[in-house]
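Both backbone and side-chain heavy atoms feed into the values below; hydrogens, waters and symmetry mates do not. Note that ligands are numbered from 1 as they come in the structure, with each ligand's atoms numbered from 1 the same way. Residue numbers start at 1 and run along the sequence shown.
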Amino acid sequence: MIFDILTIFPDFFESPLEEGILRRALSAGKIDVNIYNIREYAVGRHQMTDDRPFGGGEGMVMKPEPLAACIDAIVSDGGESKIIALSPRGKQYTQKVAEQLTAESRLILVCGRYEGIDQRFTDKYVDEEISIGDYVLTGGELAAMVMVDSITRLLPGVLGCSDSAANDTFSRGLLKHSQYTRPRDFQGQTVPEPLLSGNHAIIEQFRLSESVRLTLEHRPDLLTEVQFSSEERKMLKQEGLLDAIQDINQIL
Ligand code: ADE
């Protein structure tokens, strides 16, 4: 997967790409990340990348020409690519969107700053505007990095253990169960018995009911999308969780 990132702060991306799984994915050739400094595509003595908004108002707007020149230079080699602009007014980014984007071979991420990007650039060049959440960042750089990180870890061969991504929170629409490691006793708190049973079925049951309990508490909205097998439904009924799930589905 190739990520091309357009930014006015190219140094921003240095350290996150030099650590852990992202660094390994880069050196193994699973991903390629190209950072483009938008300023280098701006013309004039001051190489301005922003200007005042027509119609007046607060702040500055990113000019369309440097962004367009940068994209034209990137795609001149003809490869297929999807162009995404990071913006708080974009479509909500979720694990499902990350999974869908793993099918792309090249993503061009445009980091907005200031009051936004000139709409004519967005209309002509951008396939999709994406927001990583209902809050406003100082720019799209952190959001682009969130996308690079969350997509990269889903690519084949990137995570050490082959099923680590399959068991993620959200992968089947539930939050992930709690985890425990040594010591068995931490300040008087012990590890839940089922996890010490050595019985795979008991452990799986315990983890599923934990996941459901957590999802009911923190993100009941997710439960409207989850499918349970008849075995799972039986177990959840015994635990008194099935009624709670049905109640939530009626409310939402
Ligand atoms: N730029 C500023 N805020 C943002 C957000 N929430 N998501 C994506 N890009 C942004």
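- At least one heavy atom of Gly139 sits closer than 4.0 Å to an atom of ligand 1.
- The shortest N/O to N/O separation between Ala143 and ligand 1 does not fall below 3.5 Å.
- Counting only residues at least two apart or on different chains, the side chain to side chain donor-acceptor pair (under 3.5 Å) pairs with a member in residues 93-119 are Asp4-Arg106, Asp77-Arg106, Arg89-Gln119, Tyr93-Ser150, Arg113-Glu141, Asp118-Arg120, Gln119-Asp123.
- In terms of polar-atom proximity, defined here as any N/O pair under 3.5 Å, Gly133 does make such a contact with ligand 1.
- If you number the atoms of ligand 1 from 1 as listed, the ones under 4.0 Å from a heavy atom of Ile130 come out as 8 (C).
- In this structure, Thr138 falls outside the shell of residues with a heavy atom less than 4.0 angstrom from ligand 1.
- Atom 9 (N) of ligand 1 has Ser87 N, 3.2 Å as its closest protein atom, hydrogens excluded (heavy atom only).
- The nearest heavy-atom contact from the protein to atom 7 (N) of ligand 1 is Ile132 N, 3.0 Å.
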Requested in this report: Test side chain to side chain contact (heavy atoms under 4.5 Å, CB included) on Val110 and Leu67 and set out the steps.
Outcome: CA-CA 8 Å; Val110 182; Leu67 292 169; 3.9 Å; yes
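- Between Arg153 and Asp168, some side-chain heavy-atom pair lies under the 4.5 Å cut-off.
- Considering only non-hydrogen protein atoms, atom 6 (N) of ligand 1 sits nearest to Tyr135 O, 2.8 Å.
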Report task. Output, in order, the C-alpha distance, side-chain angles, deciding distance and verdict of side chain to side chain contact (heavy atoms under 4.5 Å, CB included) for Asp185 and Val191. Result -> CA-CA 7 Å; Asp185 186 315; Val191 176; over 6 Å; no
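- Contacts between Ser131 and ligand 1, counted as non-hydrogen atom pairs separated by less than 4.0 Å, involve both the backbone and the side chain.
- In this structure, the side chain of Ser211 engages the main chain of Leu175 through a donor-acceptor pair within 3.5 Å.
- Note on Glu232 versus Arg172: salt bridge recorded, some NZ/NE/NH1/NH2 to OD/OE distance being below 4.0 Å.
- A 4.5 Å side-chain heavy-atom check between Asp51 and Lys63 finds at least one atom pair inside the cut-off.
- Panel note: side chain Ser131, backbone Gly90; no donor-acceptor pair is recorded below 3.5 Å.
- Looking only at protein heavy atoms, the nearest one to atom 3 (N) of ligand 1 is Leu137 N, 2.9 Å.
- Which of Pro88, Ala85, Gly116 comes nearest to atom 4 (C) of ligand 1 through a heavy atom is settled by distance: it is Pro88.
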